[in-house]
Visitor: 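Below is a structure I'd like to ask you about.
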Amino acid sequence: MNSQKKIHISGVGCCLVDQLFNQISFAAPGIKKFLSRQKGDGGLKPGQLVFAEEFERFAGEKFINLLPQITSGKNPDTINIGGPAIVALIHAAQMLPQNNFKVAFYGMYGNDDPGAYLQKNLAQTPVDISQLKEKNGTTPSTVVLSDPDYEEGQGERMFINSIATAWNMSPQHLDENFFNSEITIFGGTALTPNIHDNLSALLIEARENSSFTIVNTVFDFRNDKANPSERWPMGDGDEAYKNIDLLIMDHLEALRYSGKEDLHKAVEFFKQSGCKAFIITNGSRDVCIYAEGENFKEQSVAFLPVSKEVSENLKTSNTGDTTGCGDNFTGGVIASVALQMQRGNKVIDIREAASWGIVSGGYACFYLGGTYLEKRTGEKRKKIEELFRKYEKQPK
């Protein structure tokens, strides 16, 4: 790993407009009637994502007409930049000095008002969006329903997603600069189907160019609906695992991608899958990490606690929600990997990377939505560094 040259990070995947509705009780009558009754039926389920078109089939009516009933007539608490790829990249870029790192995003948006919103607000971030292309049609969006009281105050969300112009994003939109980057990110590609369905070949091309590959997953509703009882393929199949340097999932996604019923068995699956390292988050519970050889310092399966400082502060704070915690976690991991490369580390310390992810994901609980638009450069990094210093002293 060369510490002298600028580190280029390129990511592809989901970028959309989030409409966040906070303080939505999942036990309310307006929601209970739309809860899923069986796997893949298109109904709502805490912690999971459903496509708007499938939800309409389930409910028998247009989603736009049902939204006031589901939200008790509320307006969105906030509209924000969302998506597992772009939110992670924004956070990584905010954590990295711009003179030493370049973070670029590849994606699609529509020629509509939400698309204009994305362009305007993304321009306020350190991410290079020159490869974010406009397409005739509707900008991808997600309605996020957040119940902060769910699971005895741990909080949870439900997602209704419209893929829209993300259907148009395909491998041909990825140029040689993408594959020549020191780090390539494939973020929530289940919401960009043509990228997801070619994931193996794209990972191979990146690895052939000596790029460090990171995949962070999202709930794969297409495969969940197609085969409710079968494990999800990693994109187009298990071949993808062998070319993933670092795989980041949440607990539910780890179970569905492994096809196992508990975390222990899922961990064994991913150890045998061929991916070099993985991290499994689990909300407010411990984070599972593992890494082997090649680009990593050896790390047997271990569990890291969440930030005690964040947990204590959340007891007296009600200004935010859990939307984007996982995406910011990924962004913190990406930033740490890049900084370790810049320092000239011969191998990546996954424990250090996960620790930066933990404080990054934790900090996202203090504001609404996944994306934090800074008022001044370095503002967010300073706050995360304070949390990291305290986390380092926390008993593990």
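Since this is a predicted model, take the numbers as computed values, not measurements.
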Visitor: Of the non-hydrogen atoms in I81 and T371, which two are nearest, and what is the gap between them?
Guide: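 It is O-OG1, 2.8 Å.
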Visitor: Return the set of residues passing salt bridge (Lys or Arg N to Asp or Glu O under 4.0 Å) with K102 (not counting sequence neighbours), or none when no residue passes.
Guide: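 Once residues adjacent in sequence are excluded, the partners of K102 under the salt bridge (Lys or Arg N to Asp or Glu O under 4.0 Å) criterion are D128.
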Visitor: Less than 4.0 angstrom from a charged side-chain N to a carboxylate O is my criterion; do K33 and E61 meet it?
Guide: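 Not counted as a salt bridge, because no side-chain N and carboxylate O are separated by less than 4.0 Å.
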Visitor: What is the ring orientation for W232 with F219, classed by angle as parallel under 30°, tilted 30 to 60°, or perpendicular over 60°?
Guide: perpendicular
Visitor: Please examine the side chains of T139 and D113, heavy atoms only from C-beta on, and report whether any two atoms are closer than 4.5 Å.
Guide: no
Visitor: So among E386, E379, E385, which one has a salt bridge (Lys or Arg N to Asp or Glu O under 4.0 Å) with K383?
Guide: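 Option passing the salt bridge (Lys or Arg N to Asp or Glu O under 4.0 Å) with K383: E379.
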Visitor: Apply the side chain to side chain contact (heavy atoms under 4.5 Å, CB included) test between Y106 and each candidate in I185, L132, D175; give the one that qualifies.
Guide: D175
Visitor: Could you pull out every donor-acceptor pair under 3.5 Å between side chains of residues 86-97 and any protein atom, sequence neighbours left out?
Guide:
{"from": "H91", "atom 1": "ND1", "to": "K380", "atom 2": "NZ", "distance (Å)": "2.9"}
{"from": "H91", "atom 1": "NE2", "to": "S360", "atom 2": "OG", "distance (Å)": "2.8"}
{"from": "Q94", "atom 1": "NE2", "to": "Y372", "atom 2": "O", "distance (Å)": "2.7"}

Visitor: Among all residues two or more places apart in sequence or in another chain, which pass the side-chain contact (heavy atoms from CB on, under 4.5 Å) test with Q299?
Guide: I289, A291, A302, I350, R351
Visitor: Answer whether the closest heavy-atom distance between the side chains of N161 and L16 falls below 4.5 Å.
Guide: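 N161 vs L16: side chains touch.
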Visitor: Any side-chain heavy atom of E134 sitting closer than 4.5 Å to one from Y109?
Guide: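 Yes - at least one pair of side-chain heavy atoms lies under 4.5 Å apart.
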Visitor: Does G115 offer a backbone N or O that forms a donor-acceptor pair with the side chain of D112 under 3.5 Å?
Guide: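 The answer is yes, because a donor-acceptor pair under 3.5 Å joins these two groups.
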Visitor: Keeping to residues at least two apart or across chains, list the salt bridge (charged side-chain N to carboxylate O under 4.0 Å, His left out) pairs with something in residues 264-291.
Guide: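 The answer is E151-R285, E261-K265, E268-K271.
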Visitor: Can the ring centroids of F296 and F212 be said to lie less than 6.0 angstrom from one another?
Guide: yes
Visitor: How close do C288 and V301 get, heavy atom to heavy atom, and via which atoms?
Guide: SG-CG1, 4.0 Å
Visitor: Grab the two heavy atoms, one from A52 and one from F63, that are nearest each other, plus how far apart they are.
Guide: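 For A52 versus F63, the nearest heavy atoms are CB-CD2, 4.5 Å.
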Visitor: Using a 4.5 Å cut-off on heavy atoms from C-beta on, say whether the side chain of I279 contacts that of F329.
Guide: yes
Visitor: Could you tell me whether the side chain of Y257 reaches within less than 4.5 Å of the side chain of Y241, counting heavy atoms only?
Guide: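 In short, these two side chains touch, coming nearer than 4.5 Å.
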Visitor: Any side-chain heavy-atom pair from E298 and E292 closer than 4.5 angstrom?
Guide: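 Answer yes - side chains close enough.
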Visitor: Show me the pairs that pass side chain to side chain donor-acceptor pair (under 3.5 Å) and involve residues 65-76, at least two apart or across chains.
Guide: K74-D77
Visitor: Give a yes or no on whether a salt bridge exists between D224 and R256, defined as a side-chain N under 4.0 angstrom from a carboxylate O.
Guide: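 R256 and D224: salt-bridged.
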Visitor: Would you say the side chains of T281 and D250 form a donor-acceptor pair under 3.5 Å?
Guide: no
Visitor: Nearest heavy-atom pair of P84 and N216: which atoms, and what distance?
Guide: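 Closest approach of P84 to N216, heavy atoms only: O-ND2, 3.2 Å.
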Visitor: Check D18 with R157, please: is the shortest side-chain N to carboxylate O separation under 4.0 Å?
Guide: no
Visitor: Determine whether the side chains of H196 and T189 contain a donor N or O and an acceptor N or O closer than 3.5 Å.
Guide: yes
Visitor: Looking at T184, is its backbone amide N or carbonyl O close enough to the side chain of S10 to form a donor-acceptor pair, meaning the two atoms are under 3.5 Å apart?
Guide: no
Visitor: Mind checking what makes side-chain contact (heavy atoms from CB on, under 4.5 Å) contact with S25, not counting sequence neighbours?
Guide: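 Result, side-chain contact (heavy atoms from CB on, under 4.5 Å) vs S25: A27, A28, D147.
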Visitor: Regarding E239 and K242, does a basic nitrogen lie under 4.0 Å from an acidic carboxylate oxygen?
Guide: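 Yes, this pair counts.
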Visitor: Run F270 and Y290 through ring pair (Phe, Tyr, Trp, His ring centres under 6.0 Å) and show every step you take.
Guide: CA-CA 9 Å; F270 292 116; Y290 172 82; over 10 Å; no
Visitor: Look only at the side chain of T330 and the backbone of G326, and say whether a donor-acceptor pair between them is shorter than 3.5 Å.
Guide: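 Such a contact is found between T330 side chain and G326 backbone.
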Visitor: Do N22 and P148 come close enough that some side-chain heavy atom pair is under 4.5 Å?
Guide: yes
Visitor: Kindly indicate whether the side chain of L145, heavy atoms from C-beta on, has any atom under 4.5 Å from the side chain of F26.
Guide: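 Sidechains of F26 and L145: in contact.
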Visitor: Can a salt bridge be assigned to the pair E53 and K225 using a cut-off of 4.0 Å between side-chain N and carboxylate O?
Guide: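 Salt bridge absent between E53 and K225.
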